[in-house]
Amino acid sequence: MSSLTGKQKSSNLEKSLGKGKPEVNIATFAVLFSEIVQYSQNRVHTVPELQNKLSELGQHVGSHLLDVLFLREKGYKREIKLLSMLIFIKSTFWKIVFGKEADKLEQANDDDRTYYIIEKEPLVNKFISVPKDKGSLNCAAFTAGIVEAVLNGANFPAKVTVHWHKGTTFMIKFDEDVIARDKMIESR
């Protein structure tokens, strides 16, 4: 059935899967993430165990996000240079997942394998009230797991940990072979 202007409405089934702007209500996200934290907290005994559990859950999310991100944003083209991949994560990835770019991307002065993504107020920490007995808990370990899975899946093996410094700092420590490969690519 057509409207008065002659245009037909398209159904959701006729729309392309390639592009789209998925949005999740912030209140829904807050409730869901709070439940994830409570679920994880009931299965561990210490703060480091809880952060590891959140990181593991984040890795499951990140491994599923990787292909969708490269399909929608890059047309199946993957990054091969380390700095390009880090900039992709700081900007495009962060915008899609959290609605804004990460605050900073820095490289360690003393180690060419270590980079930092700094976020002053991560979305995952915004709605979590940390009990006094778990004062060092940083729920952004979930985000660290997501970033680690994306990097590992994109063939940039790394370990991502989360620390309280300048807000929340995600410390990314790449395997030595990633740095060697990047130097080889740069020398071409």
Side-chain angles (χ1 to χ4, degrees), residues 20-41 43-44 47-74 76-79 82-107 113-128 130 136-175 178:
K21 190 171 181 185
E23 293 182 7
V24 176
N25 181 306
I26 197 83
T28 304
F29 172 78
V31 169
L32 180 61
F33 189 69
S34 174
E35 288 298 318
I36 289 171
V37 172
Q38 288 177 17
Y39 171 85
S40 301
Q41 188 175 354
R43 282 154 180 74
V44 297
V47 171
E49 287 175 348
L50 177 54
Q51 288 188 173
N52 286 338
K53 184 72 171 166
L54 290 172
S55 179
E56 288 172 15
L57 292 170
Q59 288 177 20
H60 289 290
V61 173
S63 64
H64 290 77
L65 271 177
L66 179 67
D67 290 329
V68 173
L69 288 173
F70 281 113
L71 166 68
R72 287 186 177 164
E73 301 302 319
K74 311 267 288 152
Y76 286 115
K77 294 179 185 170
R78 294 195 179 219
E79 298 292 348
L82 178 61
L83 189 57
S84 297
M85 185 62 185
L86 286 168
I87 291 170
F88 172 78
I89 287 175
K90 179 200 176 282
S91 59
T92 307
F93 168 81
W94 226 266
K95 278 184 199 172
I96 290 168
V97 178
F98 302 110
K100 68 177 194 80
E101 277 192 29
D103 295 325
K104 287 184 185 176
L105 172 65
E106 296 178 357
Q107 183 176 12
R113 295 173 45 201
T114 304
Y115 289 81
Y116 305 102
I117 294 177
I118 300 168
E119 183 70 15
K120 289 186 177 106
E121 189 178 7
L123 182 65
V124 295
N125 286 348
K126 201 177 243 184
F127 304 104
I128 301 294
V130 179
S136 64
L137 173 64
N138 192 334
C139 292
F142 181 78
T143 305
I146 294 173
V147 172
E148 183 174 329
V150 168
L151 286 168
N152 289 336
N155 202 22
F156 292 92
K159 179 68 181 157
V160 181
T161 54
V162 65
H163 307 276
W164 291 110
H165 179 69
K166 299 180 183 177
T168 294
T169 299
F170 300 91
M171 185 174 83
I172 306 167
K173 187 144 185 109
F174 289 99
D175 289 355
V178 172

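When every heavy atom of Thr168 is checked against every heavy atom of Ala140, the shortest pair comes out as CG2-CB, 3.8 Å. Contact between Val37 and Cys139 at its shortest, heavy atoms only, is CG2-SG, 4.0 Å. The two residues Val61 and Phe142 make their nearest non-hydrogen contact at CG2-CZ, 3.8 Å. Shortest non-hydrogen contact noted between Gln51 and Asn138 is OE1-N, 2.7 Å. Summarising the geometry of His60 relative to His64, their closest heavy-atom pair is O-ND1, 2.6 Å, with the distance given to 0.1 Å.
With sequence neighbours excluded, the residues that form a side-chain hydrogen bond (donor to acceptor under 3.5 Å, both in side chains) with His163 are Thr161.
Two residues are said to be in side-chain contact when any heavy atoms from C-beta on lie closer than 4.5 Å; Thr143 and Pro122 fail this criterion. Looking at heavy atoms from C-beta onward, Leu151 lies in side-chain contact with Ile89 at the 4.5 angstrom threshold. Side-chain contact between Leu82 and Tyr115: present, with at least one pair of heavy atoms (C-beta onward) separated by less than 4.5 Å.
Atom CD of residue Gln59 and atom OG of residue Ser55 lie 4.5 Å apart, to the nearest 0.5 angstrom. Expressed to the nearest 0.5 Å, how far CD of Glu101 lies from CZ of Phe93 amounts to 13.0 Å. To the nearest 0.5 angstrom, Leu86 atom CG is 6.0 Å from Ile117 atom CD1. Between the NZ atom in Lys120 and the OG1 atom in Thr169 there is a gap of 10.5 Å [rounded to 0.5 Å]. To the nearest 0.5 Å, the span separating NZ on Lys104 from CZ on Phe170 amounts to 15.0 Å. To the nearest 0.5 angstrom, Ile118 atom CD1 is 6.0 Å from His165 atom NE2.
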- Query: Can you list the steps and then say if Met85 with Val150 is a side-chain contact (heavy atoms from CB on, under 4.5 Å)?
  - Reply: CA-CA 10 Å; Met85 185 62 185; Val150 168; 3.8 Å; yes

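Ring pair Phe98/Trp94 is tilted by interplanar angle, where 30° to 60° counts as tilted.
Under the 4.0 Å criterion applied to side-chain N and carboxylate O atoms, Glu119 and Lys100 are assigned as salt-bridge partners.
Checking side-chain atoms of Gln41 against main-chain N and O of Leu50 turns up no donor-acceptor pair under 3.5 Å. Side-chain atoms of Ser40 come within 3.5 Å of backbone N or O of Ile36 as a donor-acceptor pair. A side-chain donor-acceptor contact under 3.5 Å links Asn152 to the backbone of Ala158. Remark: the backbone N or O of Phe174 is paired with a side-chain donor or acceptor of Arg113 at under 3.5 angstrom.
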